[in-house]
> 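Can you keep this structure in mind? I'll have questions shortly.
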Amino acid sequence: MIYTYALVAIAACVAIERFHNRRAKTTIVLVLAVFLAVAPRFYGNDAVFSVLADAAVYVMLALGLNIVVGFAGLLDLGYAAFFAIGAYTYGMLASPQFGLHLPFWVLLFLAAALAALFGALLGAPTLRLHGDYLAIVTLGFGEIVPQIFQNLTKYTGGPNGIAALDVPTFFGHSFGASVMPYYYIALFGIAAALWLSRNLRESRLGRAWMAIREDELAAKHAGIDILRSKLAAFAIGASFSGIGGVLFAAKLALVSPDLFGFQVSVLIVSMLVLGGMGNIVGVVVGSLLLTIVNSALLPQINSLVDATFHTTVDLSNLHFLIYGAILVGIMLFRPEGLLPNRERRAELHHAGEAAADA
Amino acid sequence: MHEFLAQLANGVELGAIYALIALGYTLVYGILELINFAHGDVYTFGSFVALGILVGLRAAGALHGAGLVLGITAALVAAILASALLNAGIERLAYRRLRKAPRLAPLITAIGVSFILENLIELWQGSAPVPFPNVIPNPQLQFGELEVGVQQIVVVALAIVTMVALHFFVQRSKLGKAMRAVAQDRDAASLVGINVDRTIAMTFLIAGALAGVAGFVGGVSFGSAWFLNGFGAGLRAFTAAVLGGIGNIAGAMLGGFLIGLLESFSTWLIGGQWSNVAVFSVLILVLVFRPSGLLGETLPEKV
Amino acid sequence: MDLPLSGADASVGTSTLDGIKLAVARANAQGVPGGFTFAVQALDDTQQGVHNPQQGASNVRTLIADDSVLAIIGPYNSNVAAAEIPITNQAGIVQISPSAVSDGLTLGKDAAMLRRANPGVNTFFRVCTTDSRQGSAAARFALDLKLKRAYIVDDNETYGLDLANVFARDFTKLGGTVLGRDHIAPDTQDFKALLLKIKGYKPDFIFFGGTTSTGGGLLRRQMFDVGMGKLAFMGGDGIPDIAEVAKKRADGTYYTVAAPNADRLPAAKRFVAAYKARFGSDVGPYSANAYAATQVAISAIEQAIETNGKKMPTRAEVLAKIPRNAKNEVLTPIGPISFDKNGDVRKPVISLYAIRNGRSSFIEQLNLSE
Amino acid sequence: MSLLALSGVGKRFGALSALSNVSFEVEEGAIFGIIGPNGAGKSTLFNLLTAIYRFDEGSISVGGVSIAGLSTQRIARLGVARTFQNLRLFGNASALANVMVGEHLILGSTIFDSLLNTGKERRERAEAERRARELLRFVGISGVEEQFARNLPYGTQRRLEIARALAARPRLLLLDEPAAGLNPSEKHELISLIRAIRDAGTTVLLIEHDMGLVMNLCERIVVLDYGEMIAEGAPQEIREHPRVIEAYLGAPA
């Protein structure tokens, strides 16, 4: 069932990429939205929508990182840090930890603001750095943040984290134990993230990012404030992650430092690369695919294979291997990602010509 | 004072291991501008190969007297060869095709290769740490207030000899010169008749060999090998390479020793749980205030 | 069941799973009332090599969505349990963990918060002991051994830190001296810096909260490299396999296990032999616990089938048959098991073992009945 | 007052003196040329004018404002735009997008306008796009709007870069060897384009190797040789200046 939903969503995304007619695109988006909103009444269960809600949070994260990496060209390998900051905002302010029980809806915005602030704080001193150096500083930041949460036991519950977080309410109605509210909020979050991403890409700021990504020196000469534009990318990208963190923490009702390690940052970067960096629809496809592989296919692969082929093989030892092979395979055979954006395709095309010339 | 010296000696030992791994990162980065994420796992692989040889020889009863020296040498050589071939193989199969691809593609591939290697090593050796046989005698020697183990001296000496040899190799040998030329300008190098593919392959071979030395030395020093060792050690070593100025051989050594000392002293003075935070904070500070690392050069942008 | 089956926890996860498989195979071989058979549906709660509460929660939901699932065994880790308990509590399905030891899962305010969907119902049980029972027992054992000055190290993870905290508290209360404490960072390979520091305090022993693979094994081994090889080393049930890593250097290690001495329990001997025959390897640290947890679940399900007229019982009926007192205890390789109202075992026994010549030997045991 | 004024400007790279004691003024509305043999310091001078390098001595002012210590971006705001000797277009973006980036400074939408796609943002975008098309027409390359910059022919790329520079409505346009690589008929068109730019109100300062083009086009010329200014004057004066003749002909190339 998870696969049905995921496949429908992915097929819709591919269709959107293939059609160039604006009307057709709008129709597909609307049909998909209605389907995702209505279908749960007829088809699926809590387990399915739990995974889909998680997947939707990752789509939001990937869209946020796409602004930093895909739009502005800044490789960020510590993006999970902002996810952690968002999650801990909810964990510390909506739990028995300090006896504060701030409302979920307020914390969504607070976490976005805090994450954006930390994004800017990290960005400000580091943005003079280029390419891989920036990547390494962000990686370092990504390693430090969860360890600080782990070590400040008094405030963060240390390695145990904070459990039994508040259950959000909506106009006085508690979400209870149902996953559906999270599913719908996350869908809404994706819609908002898509809208914002598209706005940004087409905007003055988006063009500035494109210029910085393509040729920073030429961008400077066009009067673009490099530092401010990069900071904006970091802050906006981080804020998506902060919101994702609140959703994540509220749904799981738990935060602990081991949830935000390097693996998470790599996972999200992989989503971008798999889907096609910079291309919004591609990013959605990439993140859906990887989440489904990670949280549905791999954990259940034994049962699935056994049921299909009537075997009793043990594949659980191979999860890492399968995941790694997917990454390598995609990179070797389709390095531009599954649905590359126009620019990226051109770049590769050009690289191919250069290789042929050489 | 006594404890200060002991921590100093320990930091140097640890640093020697990080420096050896860091050299591999720096060589590859220097020539391809690629963060070879799988390098840490090549180190782990070297560790396990050395371990396998030592365990095998001990089971055969060969580790006595002269046999001990021979056995240890055999383990070291095997680790070097195995890691070198593995690293070169990775380059050939995974990275070579991606030389012209967008920048992130090789990095993601490297991460994927790292996952694959970790899983293969786990399938081979299991997911629990595997102990190294205690074959190298480790009597403690006293130098004034400083107490060091023989093993510690062997580890550091081996690392330093390797590093000095590498330095001269890169500066003097024909291949070393080719490596520097390719690192500077690949197209120009190929115009003057340097075989770029071969040079890059050799760089990976050498980087792998260094990881093999590190794998042996690290295994002996820490006393075990574990399939995920490469991740943490690799990250610290990479930090060391950047700290020293990536692409710079002397820098990688300096960075390695500094990171080792930092880890040792931060554990002593502020507590072990902060040592990673300390390492990465230093990394960030250095990069912010001296982005090219301690020994790296800043090149003005070509206009 | 839900366990970590890949990545860093894979070997314990897999050997724990094998314990479950063995119990299920045994029950099926003996015949299940009503002609039913038991099946193991194994879900992995690791993501990219690390056990992950989100994945655990998602797995539990998957299991609950399947009507034929009557009981869940797992998880392995405490923070995964904290994410799962609210869900199994809401669904009213029996969940038995072989190894999640954190106090807050069953006791006090924290546990109440985890059960808030159905405050009156407890669905979570565990066959292992709690951190606090083990920590206090360890404190008593240490003083029995005339070890008075402790330096405490933990791996800064849930299990290790809690164990170290309780040990520190009770050891001080009973008159011991805690010279200092330290936490180690993940991925640490070099413990000599830490050990050199500890050496300066001249302790009688080092107490380690954590497992062999999170640092216990290397810590013990490297004690020899800094001339502390003769010092005693003590830990909880995370380090029974320490001799596998430290070999002869593990001599002088003491550890506690939350079960009676296996040599005196025929069920334990039979289990070890059967396990070895079936899987060709030695039992893992939690294989017996997993076997026991599964036995308890199976026994409850079978009784529920009987009372339900040999028809498929409901989850509530299974929950009602969980053993609560001495009369319906289930005999397992780790001793007879029934649960108190919190879901903890009623008659916990904690045994102390020492490693001599690279092998474990039983020293004494404590009965901690309330 | 002149638009651009240099007085005693010098730049050293380590021990090497790249430029020394360069002084000249460019009047508003001029077409001004800088010539000199390879390595004379022409590009270095441009790089000082846009703060890619900092000058060590002297002073430079644009419209009366000293640019000492200002960043590239601040200088752009003073109304200085440039092209590059080796084109620096945004290769993986359409020609239209390249020009629209050039308009950055004359647009006023904020981050929030960008995020929320406000009316202001939309109006500005429509206006920017219209102007960009107009500029492409002005430089004579309409029809390539949607093509990627890197796929365009070389001559077209040169013009595109000029269009991008003009998009900011600069007071002073710096052209770094605009005729390099162009064929005679393209050069001819370039001359009329530069005149049209000046006639539209933008002062032009250009570096060029092609003597014929410079003599034909520029009203005043400065000659650099080994980092020193050896002559300044109208084309006719330059042509007859003994040091210029020596620099170009006397030195056995």
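No hydrogens, no waters, no symmetry mates; every other heavy atom, side chains included, goes into these values.
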> Keeping to residues at least two apart or across chains, list the salt bridge (charged side-chain N to carboxylate O under 4.0 Å, His left out) pairs with something in residues 251-278 of chain B.
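Residue pairs passing salt bridge (charged side-chain N to carboxylate O under 4.0 Å, His left out), neighbours aside: B:R236-B:E263.
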> Taking only residues two or more places apart in sequence, or in another chain, which ones meet A:F234 in a ring-ring contact (aromatic ring centres under 6.0 Å, His included)?
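For A:F234, no residue satisfies ring-ring contact (aromatic ring centres under 6.0 Å, His included) once neighbours in sequence are set aside.
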> Checking heavy atoms, do the side chain of B:F231, its backbone, both or neither come under 4.5 Å from chain A?
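Only the side chain of B:F231 comes within 4.5 Å of chain A.
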> Determine which pairs satisfy ring pair (Phe, Tyr, Trp, His ring centres under 6.0 Å) with at least one residue from residues 266-287 of chain B, sequence neighbours left out, and list them in order.
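Non-adjacent pairs meeting ring pair (Phe, Tyr, Trp, His ring centres under 6.0 Å): B:F265-B:W268.
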> Among A:Y79, A:F82, A:F83, exactly one meets ring pair (Phe, Tyr, Trp, His ring centres under 6.0 Å) together with A:F260. Which residue is that?
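Only one option passes, and that is A:F83.
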> At a heavy-atom distance under 4.5 Å, which candidate from B:L235, B:L93, B:V279 has the highest pair count against chain A?
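Counting heavy-atom pairs under 4.5 Å, the top option is B:L235.
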> Which answer fits B:T239, side chain, backbone, both or neither, if we ask what part of it has an atom under 4.5 Å from a heavy atom of chain A?
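The answer is neither part of B:T239.
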> Where is the tightest heavy-atom contact between B:L51 and B:V130, given as atom of each residue plus distance?
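Minimum heavy-atom contact is CD2-CG1, 3.4 Å.
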> Return the option, out of A:V273, A:I144, A:L327, with the maximum number of heavy-atom pairs under 4.5 Å with chain B.
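So the answer, after comparing A:V273, A:I144, A:L327, is A:I144.
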> Do B:F115 and B:F37 have ring centroids that are under 6.0 Å from one another?
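Not under 6.0 Å, so no.
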> Could you look at A:L272 and say if it's the side chain, the backbone, both or neither that has a heavy atom under 4.5 Å from chain B?
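Interface part for A:L272: neither.
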> Please check: side-chain N/O of A:N279 versus main-chain N/O of A:L339, any donor-acceptor pairing under 3.5 Å?
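Yes, A:N279 side chain to A:L339 backbone: donor-acceptor pair under 3.5 Å.
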> Using modelled atom types only, decide if a donor and an acceptor are shared between the side chain of B:S264 and the backbone of B:G260 within a distance under 3.5 Å.
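Such a contact is absent between B:S264 side chain and B:G260 backbone.
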> Search all heavy atoms of A:G119 against all heavy atoms of A:A238 and return the closest pair with its distance.
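Scanning both residues, the minimum pair turns out to be CA-CB, 4.1 Å.
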> Quick one: what part of B:L117 sits under 4.5 Å from any heavy atom of chain A, side chain, backbone, both or neither?
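Neither; nothing under 4.5 Å.
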> Sort out for me which of B:L120, B:V277, B:V286 touches chain A most, counting heavy-atom pairs under 4.5 Å.
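It is B:V277.
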> Of all the residues in residues 149-157 of chain A, which have a heavy atom that comes within less than 4.5 Å of a heavy atom in chain B?
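The residues closer than 4.5 Å to chain B, in numerical order, are A:N151, A:L152.
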> Given that the side chain runs from C-beta out, which part of A:F262 has a heavy atom under 4.5 Å from chain B: side chain, backbone, both or neither?
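Looking at A:F262, just its side chain touches chain B.
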> Report the C-alpha distance between A:N294 and A:Y58 in whole Å, list the side-chain angles of each, state the deciding distance to 0.1 Å, and finish with yes or no for side-chain hydrogen bond (donor to acceptor under 3.5 Å, both in side chains).
CA-CA 11 Å; A:N294 249 320; A:Y58 281 112; over 6 Å; no
> Quick check on B:L98 against chain A: is it the side chain, the backbone, both or neither that has a heavy atom closer than 4.5 Å?
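Side chain of B:L98 only, per the 4.5 Å heavy-atom cut-off to chain A.
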